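Here the structure is laid out as structure tokens; the discussion comes afterwards.
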Number of protein chains: 2
Amino acid sequence: MVEEISTRKEKVLKAIIQEHILTAEPVGSRTLARKYDFDFSPATIRNEMADLEEMGFLEQPHTSAGRIPSDLGYRFYVDRLVEEELEKPVSLKHYLKELSRQKSGVEDIMSGMARMLSRMVQYTAIVSEPGFSESKISRLELLPVSSRKLLLIVITSSGLVNDKIIQLEKKLTEEELENLNRILSRRLAGRKVSTITGAFLQDLEEELKRRLNYAAEIIKRLEQEITDILDKQEMKIYLDGTSYILEQPEFNDIQSLKKILKVLDRQEELRRLVAGLEDELEVKIGAENKLQEMQNCSLVVATYRLEGGGTGRVGVIGPTRMEYPRVISSVDLTAELISKFISSSGR
Amino acid sequence: MVEEISTRKEKVLKAIIQEHILTAEPVGSRTLARKYDFDFSPATIRNEMADLEEMGFLEQPHTSAGRIPSDLGYRFYVDRLVEEELEKPVSLKHYLKELSRQKSGVEDIMSGMARMLSRMVQYTAIVSEPGFSESKISRLELLPVSSRKLLLIVITSSGLVNDKIIQLEKKLTEEELENLNRILSRRLAGRKVSTITGAFLQDLEEELKRRLNYAAEIIKRLEQEITDILDKQEMKIYLDGTSYILEQPEFNDIQSLKKILKVLDRQEELRRLVAGLEDELEVKIGAENKLQEMQNCSLVVATYRLEGGGTGRVGVIGPTRMEYPRVISSVDLTAELISKFISSSGR
DNA sequence: TTTTAGCACTCAAAGAGGTAGAGTGCTAAC
DNA sequence: GTTAGCACTCTACCTCTTTGAGTGCTAAAA
């Protein structure tokens with residue numbers, strides 16, 4: 001069904017979508033003709049509308065109402081019409097100043113970016129922490145904290161720091177610890193996280209056992225913790241601007257509001273939501289989302305990449321009736337900023 | 001106005017509150033008489049109700065409706081009636097198992113506890129990260145990360161770890177760094193955070209300048225970062241179970257829902273909310289909350305104290321029509337658990 | 001003096017028309 | 001192919017009425 005769409009139809013469709021995004025109301029032929037000065041009449045528009053509806057781009061809530069765009073309509077809009085009008089968001093200065101106040105720290109950057117993005121687009125923003133797997137370990141250190149407690153610190157080449165307290169059964173002498181540190185550093189520093197597989201660890205374990213003489217459990221334990229910290233699947237999710245959803249007229253009825261807010265309350269759900277997308281920039285419109293509760297929502301997600309390797313995602317959740325041009329460019333920009341911020345704080 | 005309240009009035013008030021907590025509807029004399037078998041009639045109840053209303057414990061939405069408890073009524077209930085029926089929450093086992101899976105890390109414990117509490121009471125839970133000021137520094141370390149980047153690590157006696165990346169203008173040699181580490185450790189280790197005041201820092205600065213020969217800016221910078229990490233006022237807030245609010249019938253109208261959800265979206269607001277309370281266990285009912293948007297809500301907050309010093313807060317936000325006995329004991333228990341968890345992971 | 005039954009009264013919530021207005025689809029003329 | 005005209009449709013909103021739970025008051029009973 002590769003029906004050609006006339007330029008006039010395109011014009012009408014675009015106008016309807018823009019108008020609907022603005023007003024959140026069904027758009028009628030008369031209103032449309034009044035607001036946009038087309039060189040054809042409401043009656044013609046009606047005909048075009050009927051065609052567009054048949055093609056699946058528009059829907060009619062009931063017989064005597066105007067039309068609203070369908071998911072397919074938005075999809076067409078995003079794919080074909082948006083590009084020319086991607087605008088750089090205005091005056092980042094204000095946001096950036098606020099951000100730089102809170103200085104370094106991945107956590108601060110992440111939450112700051114989520115906040116900035118949500119303020120910018122006036123929808124809910126979501127940012128996922130960068131995954132480790134593609135970055136290199138630049139440093140790994142075990143610090144003694146107390147008699148049977150060590151602090152494991154892993155720093156990646158992209159400048160991310162991760163630490164974890166490790167509880168040991170048995171005390172380690174200073175010398176033992178030094179040896180341990182030396183071997184671990186030698187073996188792990190400079191290595192890409194994704195190459196630390198079972199076989200490699202097996203090998204490492206052998207070496208440790210051979211060269212040091214502690215109980216095997218300690219080594220096992222350490223290994224466990226190291227892999228834990230490295231492939232922690234459970235990347236943290238930063239959410240901000242939840243309350244913007246409340247401003248959207250389509251969520252004025254409690255039922256749909258509940259649905260979407262419940263999703264936002266479940267970290268795992270969100271994680272799956274953004275992790276599932278792999279492309280550089282993806283737009284999921286309405287029912288294109290697998291999640292049943294998100295069928296009235298759209299999701300715009302971009303991937304950010306850190307210099308030293310490691311990627312994460314940043315996105316926006318809003319109603320299908322979303323200001324796509326603005327959102328897409330803002331999400332894009334934010335992804336870029338995140339890379340820059342972390343890389344610069346990591347130089 | 002220290003009017004004595006008869007035991008019968010107390011009985012009626014208690015019944016009304018319990019019934020209202022259960023049903024969320026205004027309670028009438030007839031219903032009350034039917035459900036609770038008092039040895040007096042609806043008419044008598046009506047008289048008592050009229051009295052209780054005059055005393056300020058009850059309110060009437062309109063002339064021909066039943067009564068609902070006022071803030072004062074709940075206050076009385078909480079202060080006088082609750083104690084005898086504080087019950088230990090059932091079967092923590094399930095929650096605890098889930099918690100211990102995620103092992104160590106303050107962050108995990110905090111968010112895990114918030115989650116557990118909210119699941120337990122079926123209201124929104126809030127946990128604030130432990131403040132540093134009353135704990136001692138047990139270790140402070142500067143690790144080189146790259147040529148002009150240091151990782152500052154501070155470990156407190158309660159086992160909390162905090163790190164921050166510091167950007168320097170100028171390179172430090174290994175030796176300089178070692179000296180720096182030595183001096184800082186000597187001066188700061190074992191010291192209570194709250195005693196690190198301006199005067200002390202002045203003194204430290206002098207020493208550093210005298211004994212080392214780097215540019216003053218570096219020293220200033222370091223100092224800045226250290227104080228930053230130590231008294232970071234901006235303690236993190238963990239929130240969980242936001243969506244439970246949606247289940248409450250009193251928030252079935254969009255307006256009040258918006259109000260409260262907007263508050264929950266603002267970290268600073270929440271911080272102030274829990275930080276403002278200093279008592280061991282505090283219950284703020286309705287208008288007792290300063291925040292205008294929280295006047296339909298109650299807040300139950302407890303303080304937890306870590307072994308090595310350092311305190312934080314844990315609480316529950318729900319409608320004034322809250323199951324106080326259950327909530328109070330759960331919050332209390334959670335505070336206790338947090339101390340235990342962090343202390344045990346910090347031994 | 002306290003408690004209770006009886007009864008008239010009140011008020012919100014829910015349902016039943018009725019109207020207005022925006023919008024459509026169809027037809028016939030341009 | 002485009003447009004004006006018109007009958008038709010449907011929701012949103014108003015008003016009116018009914019219903020029922022609940023009250024307060026009064027007078028009788030305990």
Side-chain angles (χ1 to χ4, degrees), chain A residues 4-13 15-17 19-20 22-55 57-70 73 249-250 252-254, chain B residues 4-13 15-17 19-20 22-55 57-70 73 249-250 252-256:
Chain A
E4 238 353 285
I5 197 169
S6 72
T7 48
R8 194 173 64 189
K9 277 196 179 45
E10 200 168 305
K11 236 166 138 181
V12 171
L13 179 54
I16 291 175
I17 292 180
E19 189 63 18
H20 181 69
L22 217 66
T23 62
E25 298 288 326
V27 183
S29 57
R30 174 178 275 275
T31 336
L32 208 60
R34 224 184 298 122
K35 283 218 183 173
Y36 298 69
D37 44 315
F38 293 133
D39 38 4
F40 38 89
S41 75
T44 310
I45 295 178
R46 280 205 287 283
N47 289 330
E48 297 291 29
M49 278 175 159
D51 291 353
L52 285 166
E53 183 172 357
E54 204 171 355
M55 290 165 156
F57 294 119
L58 295 179
E59 283 168 5
Q60 212 171 7
H62 56 262
T63 333
S64 70
R67 304 302 209 289
I68 58 174
S70 67
E250 38 266 85
N252 253 349
D253 95 290
I254 305 262
Chain B
E4 239 350 287
I5 198 168
S6 72
T7 49
R8 193 173 65 190
K9 278 196 177 50
E10 200 167 302
K11 235 165 137 181
V12 172
L13 178 55
I16 291 176
I17 292 180
E19 188 63 19
H20 182 67
L22 217 67
T23 62
E25 298 289 324
V27 182
S29 58
R30 172 177 276 276
T31 335
L32 208 61
R34 224 184 299 120
K35 283 217 184 175
Y36 298 69
D37 44 316
F38 293 132
D39 39 3
F40 39 89
S41 75
T44 310
I45 295 176
R46 278 206 287 283
N47 289 330
E48 297 290 29
M49 279 174 158
D51 290 353
L52 285 166
E53 183 173 0
E54 205 170 355
M55 290 165 151
F57 294 118
L58 295 178
E59 282 169 5
Q60 213 171 6
H62 57 263
T63 333
S64 71
R67 304 301 211 289
I68 59 174
S70 66
E250 38 265 87
N252 253 351
D253 96 289
I254 306 262
Q255 287 314 312
S256 42

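As the structure is a prediction and not an experimental result, all values here were calculated from the model. The chains referred to below are lettered A, B, ... by the order of the sequence lines, with proteins before strands, and numbering in each begins at 1.
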Residues in side-chain hydrogen bond (donor to acceptor under 3.5 Å, both in side chains) with [X], at least two apart?
X       : result
K35(B)  : E19(B)
D253(B) : S256(B)
N252(A) : none

To the nearest Å, give me how far apart [atom1] ([X]) and [atom2] ([N]) are.
X      : N       : atom1 : atom2 : value
E19(A) : dG23(C) : CD    : P     : 10 Å
E59(A) : dG23(C) : CD    : P     : 18 Å
F40(B) : dT4(C)  : CZ    : P     : 8 Å
I16(A) : dG23(C) : CD1   : P     : 12 Å
D51(A) : dG1(D)  : CG    : C1'   : 13 Å
I68(B) : dA12(C) : CD1   : P     : 14 Å

task = Mind jotting down which residue pairs meet the salt bridge (charged side-chain N to carboxylate O under 4.0 Å, His left out) criterion with at least one end in residues 58-67 of chain A? Sequence neighbours excluded, please.
result =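 Passing the test, one end in residues 58-67 of chain A: E53(A)-R67(A).
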Nucleotide nearest H62(A) (side chain, heavy atoms from C-beta), chosen from dA12(C), dT11(D), dT2(D) =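 Selected nucleotide (nearest to the side chain): dT11(D).
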Side-chain donor-acceptor pairs of residues 25-34 of chain A under 3.5 Å, sequence neighbours excluded:
from   : atom 1 : to     : atom 2 : distance (Å)
S29(A) : OG     : R46(A) : NH1    : 3.2

query = Where along nucleotides 18-30 of chain D does protein come under 4.0 Å, by heavy atom, of base (B) or sugar-phosphate alone (S), with - for untouched nucleotides?
reply = ---BSBB------
Criterion side chain to side chain contact (heavy atoms under 4.5 Å, CB included) against L52(A), the qualifying member of V12(A), I45(A), N47(A) =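 With L52(A) as partner, side chain to side chain contact (heavy atoms under 4.5 Å, CB included) holds for just one option, V12(A).
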ask   = Can you name the residues that form a side chain to side chain contact (heavy atoms under 4.5 Å, CB included) with S41(B), not counting sequence neighbours?
value =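 S41(B): side chain to side chain contact (heavy atoms under 4.5 Å, CB included) contacts with A43(B), T44(B).
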query = Hey, which of these two, P61(B) or S41(B), hits DNA chain C nearer its 5' end, going by closest nucleotide?
reply =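 The answer here is S41(B).
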task = Apply side-chain contact (heavy atoms from CB on, under 4.5 Å) to I254(A) and I254(B), showing your working.
result = CA-CA 7 Å; I254(A) 305 262; I254(B) 306 262; 4.2 Å; yes
Please tabulate the protein-to-nucleotide N/O contacts below 3.5 Å involving nucleotides 27-30 of chain C, giving atom names and distances.
none

ask   = Under 3.5 Å, side chain of Q60(A) to main-chain N/O of A65(A), donor-acceptor pair present?
value =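 Looks like yes, one N/O pair under 3.5 Å.
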